[in-house]
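For reference, the structure is listed below as structure tokens.
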Amino acid sequence: MTRRPHSRHQSRPAFSNSHASGSRRPFTSHICVSSTGRRRWSKPSSASFRTSSRTNRARRGAPRASLWLNQCEILVPRLIAKVIARFLPIHGRHRIPGRDIPAGTGELYCNFREDDEDSEDTEDLARTPKGIVLIVLSVLSVPGAAPRLIVKSSSVSVTFTGEYSMSVRLRFAPSPTGNVHIGNIRAAIFNWLHARHCGGVFLLRIEDTDLERSTPEAIRTLMEVMDWLGLNFDEAPLYQTSQKLKHIAAAEALLAKGHAYRHAKGGDASGGEAVLFRIPWDAEQVPGVAVAGPAELPVHPDHEIVIDKTGINFAQISGKGTPMPVQKCLAGFKGLEILDTAGAILLRLDDEMAAAVLAGTRRETCKGAAKLRFTRRTITYRDLVKGELTKPLDGLSDFVIVRSDGSPVFHLGNVVDDVTQQITHIVRGDDHVENTYRHLFLFHCLGTTAPQYAHLPMIVNAQGKPYSKRDGDAYVGDFRTKGFLPQALFNYLALLGWSPGDDREKMTRDELVTAFSLDRCKSSAAQMDLRKLTDINGQYLAEMPAAEFVPLAQEWAARQPWGAGLDAALFTKVAGLMQIRTKTFADIAGWGTFFQELPAYDEKACRKAFADKPVQNALAMLTQDLADTPADAFTAAAAEAAIHGCTAACGVQQGKLNQPLRLAVTGTTIGAGIYETIEILGKERTLARLEFAKQFFA
RNA sequence: GUCCCCAUCGUCUAGAGGCCCAGGACACCGGGUUCUCAUCCCGGCGACCGGGGUUCGAAUCCCCGUGGGGACGCCA
């Protein structure tokens, strides 16, 4: 399949840092891969960054698969990794799920060759933006082992180990309490984009467990908004309340396996017991958990330390030196030794004692402790957006999964539903990062592997603060009522915290899907900018075919005070004139001047514009000329001729007359071409307005 | 308070140690095209949070500050 011998490539040194081992000459091109300097890679055009039909043909015979790079363990220089990450998505649409690949056989993948002057099929090559040519040699699929992708770049041979892109499943899981927030819908968009990019599945889950605040009305609004933005989902929405039995069953299973326990936490008034999930004592079983080493924590001696099945309770020392009690999971304190002020060991928690404590048969207390000494363990996961994130277990506590009234808590429901819906990727706001550590344990104790996580940065308001209830424009529906197009909002929101890496901004939905990748998401908060949204909206509006624009504009016009029973032909003319000037549909409110008997006049501007005597004369003469024009010949051309006549006769430059004229007939200084405006207004209204305007003559 | 995260023009961003005395877009300002307004074109203004370190070389890597944010519920 790969038709060239590769010995040539293998003889090349790794290009990264190739300059360091060689001469000291500064870079003159952006990437230099040849140690001899014979070949250099020029910046490729985007046109060459594409799969050719030839490539597809060549691939046809072999099963195709691609690597889901985000799941890979990257064993190569970062530069190459990035290059491949950028490159692979281009072929996303040709992917077939990895599970269709027969295991146990080596599979040829594709055949991107190196760019070479003497090549006979140059269209076969695939280049990265950095100008590095990749050759994917093969994918090795071996039972019981992670599949491997063998990739050869221009100068270095690399191997990736990872999973194939099994069919990717994402979900948007809002709780239907009130209006959909702009940050939420952005998360929905990113989920959708990633699902579509991977040819995967996008699901909707309605987390309606908060019965008090969830309303059918809110659910309807949610659906409307999703529909408006084109966020179509692939399976019937899952209502979380319908899953309650499953949640409870999961809690029972955890209880049975000792991963959870009942406890009347915090002196519950009703006396009922909640179910708490326990961060597992043998945390090493959980992927991502590692021993960080010995650690020490000062504690306040006045606070008695209590160790029981709910974990450990001790007091940290505040800045003022007062005790600050905290409750932490026992798993955070493996090998715990409690020391007094003199450094003598007051209590040592060995595995045997821990087992008894966790079983609930033993409870330890300790007074006068000054220091906790223990083996710190941490849990780490690789966030697709934020990179590696780590949390020490001693910062974690056991948490409630079923309330004392028997209802499941968010953490449980959310995780169980993700298992039910076979979610592979969770894309959500970064206010959930802390939850992720807990959920990782839950997934494991529920007997499944956790999905991939991607935490998106927040969107903040114009003050740089998180959106709050006071921010009127934080709701998606508001953008609709403010006259924004769904595709413009979609486009703009996609650009908030993400960019394609080049200068493109106005992108179609398809372009966004193709270009999208989670690893290009930023990890810092983004501020919403209405002006930019407005600009993008204006671009969409301007490029819209008239046949599409007019009916939409008509809907908006109909809501105006002057909007009843508008003449369709007249409206189409006005729309034709105004479309390019329209930034949002809300601007249509200003079209009233074309449909009203008399518009509102900007009196101040009028007085100023009409101050000149020659202008007044010209306007008067023009009024007369237009009055003499037959109504059936009252065209833009006629208006133009009349205006020219007056300017010549009165010695007023046309540039000096147009603005006063516009004010006289429309009442404002902004608007469409004056000739067309006069034609659209018609003889009667034009004359009436010119008469009316005379009152502003000084 | 504890833990975690983040930091480039006013705003959204590009940036993966030399393509960068930092590029694009919005906004703003000026000029041109146009009968006016708008569009369009050209130009201008405008940023690497601070301090150390590593390096021949730092926006980029490391450390310390500072600032901002998040999480610490029988909310989701």
Side-chain angles (χ1 to χ4, degrees), chain A residues 17 19-20 24 26-31 43 77-79 81-82 130 173-175 177 207 209-210 212-213 264-266 268 270 272-276 316-320 322 324 326 386 389-392 394-397 399-405 407 409-411 413-414 429-435 437 455 457-458 460 462 464-466 492 495-506 522-536 538 542 577-578 580-583 640 643-644 647 653-655 657-662 668-675 677:
Chain A
N17 300 322
H19 60 285
R24 281 280 160 86
F27 273 174
T28 51
S29 70
H30 58 288
I31 290 282
K43 206 160 199 159
R78 244 184 129 195
L79 175 62
K82 182 171 182 181
K130 286 279 187 186
S175 51
T177 55
E207 304 212 327
T209 48
D210 189 341
E212 306 266 301
R213 295 191 297 155
K265 195 186 163 204
D268 183 322
S270 66
E273 286 187 319
V275 179
L276 279 87
Q316 292 178 311
I317 303 165
S318 77
K320 289 178 196 154
T322 54
M324 296 181 55
V326 290
K386 294 182 175 278
L389 259 23
T390 296
K391 179 94 182 174
D394 49 296
L396 257 22
S397 314
F399 54 97
V400 173
I401 53 175
V402 181
R403 300 187 187 91
S404 47
D405 68 1
S407 61
V409 171
F410 161 75
H411 300 294
N414 191 259
D430 68 4
D431 46 332
H432 279 292
V433 203
E434 300 284 326
N435 287 335
Y437 303 108
H455 287 100
M458 302 215 117
V460 296
K465 299 284 178 194
Y492 176 72
L495 256 23
L496 226 45
W498 176 85
S499 81
D502 49 38
D503 287 340
R504 284 180 297 171
E505 290 202 329
K506 183 171 178 293
K522 294 247 305 177
S523 49
S524 52
Q527 205 173 84
M528 187 86 189
D529 183 4
L530 253 345
R531 287 171 306 196
K532 182 136 185 170
L533 207 211
T534 304
D535 177 73
I536 290 182
L577 224 48
M578 297 304 289
I580 198 165
R581 286 158 236 264
T582 308
K583 294 294 181 192
E640 182 172 4
I643 290 167
H644 280 308
T647 51
Q653 285 182 334
Q654 177 151 5
L657 182 59
N658 276 316
Q659 220 32 6
L661 177 57
R662 172 185 317 283
T668 110
T669 54
I670 52 168
I674 190 68
Y675 309 142
T677 302

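Note: hydrogens, waters and symmetry copies are ignored here, and every other heavy atom, side chains too, is used. The chains referred to below are lettered A, B, ... by the order of the sequence lines, with proteins before strands, and numbering in each begins at 1.
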*Residue matched to B/rU2 through Watson-Crick or wobble contacts both under 3.5 angstrom*: B/rA71
*To the nearest Å, how far apart are A/K532 NZ and B/rC12 P?*
10 Å
*Separation of A/H432 atom NE2 from B/rA71 atom C1', in whole Å?*
11 Å
*Which part of the nucleic acid, if any, lies within contact of A/G673, taking any heavy atom under 4.0 Å across all strands shown: a base, the sugar-phosphate backbone alone, or nothing?*
base
_Counting only side-chain heavy atoms from C-beta out, which of B/rG70, B/rC37, B/rG10 sits nearest to A/R581?_
B/rC37
*Between B/rA71, B/rC5, B/rG69, spot the one nearest the side chain of A/D431, thanks.*
B/rA71
*asked:* Please classify the nucleic acid contact of A/H644 as base, sugar-phosphate, or nothing, using heavy-atom distances under 4.0 Å.
replied: nothing
_What is the separation between atom CE on A/M458 and atom P on B/rG69, rounded to the nearest whole Å?_
11 Å
*Counting side-chain heavy atoms from C-beta on, which of B/rC12, B/rA14, B/rC74 comes nearest to A/A526?*
B/rC12
*How close or far is atom P of B/rC12 from atom CG of A/D535, stated in whole angstroms?*
16 Å
_Atom P, compared across B/rC40 and B/rA22: separation rounded to whole Å_ = 27 Å
*Got a donor-acceptor pair under 3.5 Å from the side chain of A/S523 to the base of B/rC5?*
no
*In whole Å, what separates the C1' atom of B/rA47 from that of B/rA7?*
12 Å
_Distance, C1' atom - from B/rA59 to B/rG51, rounded to whole angstrom_ = 16 Å
*When the distance from CG of A/L496 to C1' of B/rC26 is rounded to whole Å, what number comes out?*
13 Å
*From B/rA76, B/rG24, B/rG69, pick the nucleotide closest to the side chain of A/V409?*
B/rA76
*Please measure how far the C1' atom in B/rC48 lies from the corresponding atom in B/rC21, and state the result in whole Å.*
12 Å
*Between B/rC35, B/rC4, B/rC12, which nucleotide has the shortest distance from any of its atoms to the side chain of A/Y675?*
B/rC35
*Of the candidate nucleotides B/rG10, B/rA76, B/rU13, which contains the atom at the shortest distance from the side chain of A/S499?*
B/rU13
*Figure out the CG/C1' separation between A/L495 and B/rU11, and round it to whole Å.*
13 Å
*What nucleic acid atoms does A/E505 come within less than 4.0 Å of, heavy atoms only: base, sugar-phosphate, or nothing?*
base
*Which whole number of Å gives the distance between the P atom of B/rU8 and that of B/rC49?*
6 Å
*Could you work out the separation of B/rC41 and B/rG68 based on their C1' atoms and round it to a whole Å?*
40 Å
*For A/I580 and A/E640, take the nucleotide of RNA chain B holding the closest heavy atom to each; which residue's nucleotide lies nearer the 5' end?*
A/E640
*Residues A/R531 and A/D529 bridged, charged N to O under 4.0 Å*: yes
_Smallest separation among heavy atoms of A/A526 and A/G497, with atom names_ = CB-N, 4.3 Å
*Which is true for A/S318 with a 4.0 Å heavy-atom rule: it touches a base, it touches only sugar-phosphate, or it touches nothing?*
nothing
_Pair A/H432 + A/F410: ring centers closer than 6.0 Å_ = yes
*Can you tell me if A/S175 uses its side chain to pair, donor with acceptor, with the backbone of A/T177 under 3.5 Å?*
no
*Minimum-distance nucleotide to A/K465 side chain [options: B/rG68, B/rA76, B/rC26]*: B/rG68
*Given that A/P174 and A/A525 both sit by RNA chain B, which one's nearest nucleotide is further toward the 5' end?*
A/A525
*B/rC42 to B/rU34 separation - C1' atoms, rounded to the nearest Å*: 16 Å
*Report yes if a side-chain nitrogen or oxygen of A/R504 is closer than 4.0 Å to either non-bridging phosphate oxygen (OP1 or OP2) of B/rG23; otherwise report no.*
no
_Among B/rU39, B/rC74, B/rC37, the nucleotide that comes nearest once only the side chain of A/K583 is considered_ = B/rU39
*Is A/D535 paired with A/K532 through a side-chain N to carboxylate O contact shorter than 4.0 Å?*
no
*Side chain of A/R531: nearest nucleotide among B/rC26, B/rC6, B/rC3?*
B/rC26
*Paired with B/rA7 by Watson-Crick or G-U wobble geometry, both distances under 3.5 Å: which nucleotide is it?*
B/rU66
*Check the pair A/V275 / A/V400 against side chain to side chain contact (heavy atoms under 4.5 Å, CB included), numbers first and verdict last.*
CA-CA 6 Å; A/V275 179; A/V400 173; over 6 Å; no
*asked:* Strictly distance-based, threshold 3.5 Å: is any side-chain N or O of A/T582 a donor or acceptor partner for the main-chain N or O of A/M578?
replied: yes
*Answer with base, sugar-phosphate or nothing: what part of the nucleic acid does A/P466 contact at a heavy-atom distance below 4.0 Å?*
sugar-phosphate
_Base, sugar-phosphate or nothing for A/K386? Non-hydrogen atoms, less than 4.0 Å._
sugar-phosphate
*Starting from P on B/rC4, measure out to CG on A/D394 and report it in whole angstrom.*
10 Å
*For B/rC28, what is the paired nucleotide under Watson-Crick or G-U wobble rules, both distances under 3.5 Å?*
B/rG44
_Euclidean distance for C1', B/rC28 against B/rG70 (whole angstrom)_ = 34 Å
_Looking at A/T677 and A/G673, would you say the former's side chain and the latter's main chain have a donor-acceptor pair under 3.5 Å?_
yes
*Can you tell me the distance, in whole Å, between the CG atom of A/N435 and the P atom of B/rC5?*
16 Å
*At under 4.0 Å between heavy atoms, what does A/G429 touch on the DNA or RNA strands: base, sugar-phosphate, or nothing?*
nothing
*Nearest listed nucleotide, side chain of A/K522, among B/rG70, B/rC35, B/rA14*: B/rA14
